[in-house]
Amino acid sequence: MRAVSSEIIERFRSLSLERLARVESAWATLVRGGGGREIATEIARVVHTVKGDARVVGFADVNLVCHKLEDLLAAAAARDYRIPEDLDLMVTMAIQFASLLLRTEHGAAAGIDVAGFVRQVDDAVANTERQRALAPRVSRSPSTRASLLRVRAAPGIERLSAGAQHRLAAAAALVFLEHENATGSARARLLAAFRVLTAELSRLGHVPVSDILKVHVVAAGDLAQRLGKQ
């Protein structure tokens with residue numbers, strides 16, 4: 001096979017990093033109720049482009065991680081993007097992982113367990129499929145889905161903006177990647193830090209429904225009285 005010139009590789013690297021940055025931004029919009037089918041289609045198209053280009057220039061690990069990112073996106077689409085925090089985080093981590101590999105000399109970072117990350121993705125996808133199979137099948141319109149996502153992002157105690165949550169998710173991804181490259185006690189400490197970060201992200205992604213509804217109790221009572229209802 002003919003060697004790919006350094007100019008082509010650098011152009012591939014630059015374009016792919018730009019594309020993945022767009023994917024990360026679009027993903028944050030999508031899972032928080034913004035956009036719709038058009039954004040989902042664009043994300044899938046861009047990831048597929050990066051994956052194909054990576055195969056052409058010989059960046060096998062980038063190709064593999066993008067392939068697994070496609071699996072995650074498919075699992076999210078199957079749930080109409082009403083996904084658990086761990087799957088949301090795993091998508092962000094896959095984007096960060098691919099971006100990290102793109103910045104290395106040959107698209108492969110020494111000491112990083114790509115196969116281990118792939119197993120984590122497969123486990124996340126399988127777990128999402130199990131949850132979907134157990135969940136009741138309820139038909140929801142696009143407006144209902146957007147309403148549900150707005151409730152998830154409703155203000156409350158210790159809430160962060162969607163942008164802040166995704167920046168924390170990116171930081172968690174980087175901690176995980178550093179853990180993969182570490183040895184000895186540092187590896188264990190980084191893994192512990194990653195678990196703390198992901199636990200906090202999960203907690204920040206949910207609020208008690210009572211906190212959301214309590215502000216409407218008086219209005220609901222007045223409305224019920226006017227309508228002659230209990």
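The figures that follow rest on heavy atoms only: side chains count, while hydrogens, waters and symmetry mates do not.
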In Å and rounded to the nearest 0.5 Å, what is the [atom1] to [atom2] distance from [X] to [Y]?
X	Y	atom1	atom2	result
Ile9	Arg11	CD1	CZ	14.0 Å
Asp71	Met90	CG	CE	12.0 Å
Ile43	Glu24	CD1	CD	10.5 Å
Leu100	Arg103	CG	CZ	7.5 Å

Would you check if [X] and [Y] make a side-chain contact, meaning some heavy-atom pair closer than 4.5 Å?
X	Y	result
Leu69	Phe97	no
Asn127	Asp123	no
Thr128	Ile83	no
Leu102	Phe12	yes

Counting only N and O atoms by type, is there a donor-acceptor contact under 3.5 Å from the side chain of Ser25 to the main-chain atoms of Ala21? no
With sequence neighbours left out, what residues match Thr49 under side chain to side chain contact (heavy atoms under 4.5 Å, CB included)?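 Side chain to side chain contact (heavy atoms under 4.5 Å, CB included) check on Thr49 returns Arg19, Arg45, Asp53.
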Could you pull out all residues at least two apart from Thr41 that satisfy side chain to side chain contact (heavy atoms under 4.5 Å, CB included)?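 Only Arg37 meet the side chain to side chain contact (heavy atoms under 4.5 Å, CB included) criterion with Thr41.
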Might you point out which heavy atoms bring [X] and [Y] nearest each other, and give the distance in Å?
X	Y	value
Trp27	Ala76	CH2-CB, 3.7 Å
Phe117	Val65	CE2-CG1, 4.3 Å
Leu72	Ala124	CD2-CB, 4.4 Å
Asn63	Lys51	ND2-O, 2.9 Å
Val125	Ala75	CG1-CB, 4.3 Å
Ala98	Val62	O-CG2, 4.3 Å

Contacts of Glu10 meeting salt bridge (Lys or Arg N to Asp or Glu O under 4.0 Å) (sequence neighbours excluded), chain-then-number -> Arg13
Cationic N near anionic O, under 4.0 Å, Arg119 to Asp122: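 Salt bridge: no.
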Could you tell me whether Glu18 and Arg22 make a salt bridge, using a distance below 4.0 angstrom between a side-chain N and a carboxylate O?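 Yes, Glu18 and Arg22 are salt-bridged.
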State plainly whether one hydrophobic cluster holds both Val4 and Leu17, where clusters connect Ile, Leu, Val, Met, Phe, Trp and Tyr through side-chain heavy atoms under 4.5 angstrom apart. yes
Hydrophobic clusters here meaning ILVMFWY residues chained together by side-chain heavy-atom distances under 4.5 Å, can you tell me if Phe59 and Ile8 are in one? yes
